[in-house]
Amino acid sequence: MGKRHPLILLMAGLGYAILYIPILIMIIYSFNSSRLVTVWAGWSTKWYGELIKDGQIADAAWISLVVAFWAATIGIIFGIMIGYALARMKRFKGRLLLSGMATAPIVMPEVVTGLSLLLLFISMEQLIGWPAGRGLTTVIIAHATFAMAFVAVVVQGRLSDFDVSIEEAAMDLGARQPWIFFTITLPVIMPAVIAGWLLAFTLSFDDLVIASFVSGPGSTTLPMLVFSKVRLGVTPEINALATMIVAIVAIGVVLANWFALRNQGTDKNK
Amino acid sequence: MSDPVGGKDRDAYLSIKQISKHFAEVKAVDDVSLDIRQGEFFCLLGGSGSGKSTLLRMIAGLEIATSGHIEIEGQDITAVPPWSRPVNMMFQSYALFPHMNVEKNIAYGLKQDGWPKDAMAERVNELLELVQLTGYGGRKPHQLSGGQRQRVALARALARKPKVLLLDEPLSALDKKLREETQRQLLAIQQEIGTTFIMVTHDQEEAMSIATRIGVMDHGKLVQVDTPREMYERPANRFIAGFIGQVNVFEGKVEGAGKAQKIIGVDTGGELKAAEHSELQDGSTVWIAVRPERVLLKTKSRGRAAKAANKSSGTLSDIMYLGGVTHLTVTLDGGKLVRTMISEHWDEDEAKLNIGDAVEISFEQRAAVLLDS
């Protein structure tokens, strides 16, 4: 044990190379001073400067951040509700089915999710007049639906190894629901909730397909803008933008993992 | 001496009346009645699945009884929700709130009761002192050792001055040495504050060493309630005899009636004489229980002359030296195994005992307990 076989290192190296070389190339070319993407002409950060000056991109980035923030926030509220219910209702018959259904949006093809939400929004508009047209609201609702699936999974996982006697102790000491939930349960699972929020934020931030279905004028998200610009040809500016998106997503994922790990640390108390 | 089962008491503090708890088909607790006196350190003893924890949780209100009543000081609390009951529980896992420091853990119950800040801080300090954790108030549970967490859990459960403190296997997570030390601390704290304690445990030695009375549970039933001494000396049946300490059990058949009644040993062939001898039905099967330390050993050259009522011969088949005492197994001529023990002082030449030696075992009439189930 402990001695690493050179072949294993090679396998790991190859795997990670396939995963990260394309991203690495993109990052390197984002610092290319040439206007031609494929011709290297020395280091420069000028495309990042161009990016900041580009009002269209700034607008799209702002929209994406707003959408991701609200989608993740709405997602955790509903996600906690589903996750808590699934973790606690141990003995009813359809639990496994419900549990699977709650997480289905994670594996559902985005085209299906996007199309079904679009149809829902259109029929809702016809029936009750809300949401009026497609825009920021519809994108936020659409992203919140898959965000809550992710949060539900994370929360359910955290609650499944949660020592229920902690809640019983609170009850024994004179507290009642929902007070127990807010003073005991929620603070204990908070790291998992934050991890779920960050994950949902990240996923919303880089979603293209669902947003394309349910967005309208004035709600073009950053990935949508990138995609439409790329169709006119890849520019170094886009490389710079994509690099920044990678940075934001990476920070989100790292933070989410950090919270999830911290979460395990508090479990030692059991 | 109290009743064998139930322990009815006029000065009962906590009264459990014919309580049952059924989970679907399983009778976790089956028609249990029990009276507990004020200031008592009562142990509910039983194996896993015996219903002892379920009974404790029903007293706490964490399980709802299928039928029956629970009264404290004459007041029926059966329908009172757990947050309003005048009892508190110490959980097996301690169930400390991991996101709160020691002080906040202990103060949680006081906060629910709306204590003013000053009084609360004073009470918390008082409790920290009681459990010898002064200065640890700012620590989080994960910064404490197992023994310290156990004491925080105790302090938290005692904070609201419960009429009865319930302890669910409070020492099971501690290692053996720490457990014995903690047992003493627990007993000292109980005596200092005078609160009635009900502790659930599966460890019979633990129950024997700290309880004022023990209630043994098996398959949801309360089998016997007695002081540790009575429980050991006069077990109600073979299950209790075997559960509390080690025991030799001789099966016997009742022959005759009235004054001529005899119990004939099934394995030994001879007559068995027991301490108490009420009228038994002719032909019924009974058992005679004898503790190993009450079985006397005699070899050809050594040992006490057996004037005892019951004796039998056999060969020494096993010797286990344990330091202070030596455990011996004797195979009687009929094939039955009998356990006995000798102390180091039994014989200076004790090492000369050899497996295969012809020996005689005996026990006195008053050492033999007659059991009919």
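Order of the sequence lines sets the chain letters (A, B, ...), proteins ahead of strands, with each chain counted from 1. Quick caveat, the model's predicted, so the values are computed rather than measured.
Among all heavy-atom pairs drawn from B:R160 and A:D172, the shortest one is NH1-O, 3.0 Å. Summarising the geometry of B:M100 relative to A:T183, their closest heavy-atom pair is CE-O, 3.9 Å, with the distance given to 0.1 Å. The minimum heavy-atom distance linking B:A95 with A:S165 is given by the pair CB-O, 3.4 Å. Minimum heavy-atom separation, B:Y108 to A:A175: OH-CB, 3.5 Å.
For A:M244, the CE atom counts as loosely surrounded, since its 6.0 Å shell holds 12 or fewer non-hydrogen atoms of other residues, nucleotides or ligands. Residue B:Q143 qualifies as enclosed at atom CD: its count of foreign heavy atoms under 6.0 Å is above 12. Heavy-atom contacts from other residues, nucleotides or ligands closer than 6.0 Å to CZ of A:F181 number more than 12. In B:E129, the CD atom is not crowded: 12 or fewer heavy atoms of neighbouring residues, nucleotides or ligands sit closer than 6.0 Å. Around the CG atom of A:L208, the shell of radius 6.0 Å holds more than 12 heavy atoms that belong to other residues, nucleotides or ligands. Around CG of B:D118, the count of heavy atoms belonging to other residues, nucleotides or ligands within 6.0 Å does not exceed 12.
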Run A:E168 and B:M89 through side-chain contact (heavy atoms from CB on, under 4.5 Å) and show every step you take.
CA-CA 9 Å; A:E168 287 179 342; B:M89 179 143 158; over 6 Å; no

Stepwise side-chain contact (heavy atoms from CB on, under 4.5 Å) check, B:Y94 with A:D163
CA-CA 10 Å; B:Y94 310 145; A:D163 182 7; over 6 Å; no

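Checking side-chain atoms of B:H99 against main-chain N and O of A:I189 turns up no donor-acceptor pair under 3.5 Å.
Of the two parts of B:R85, neither the backbone nor the side chain holds a non-hydrogen atom closer than 4.5 Å to a non-hydrogen atom of chain A. Looking at B:M90, there are no atoms closer than 4.5 Å to chain A (heavy atoms on both sides), in backbone or side chain.
For the pair A:I180 and B:W83, the minimum side-chain heavy-atom distance is 4.5 Å or more.
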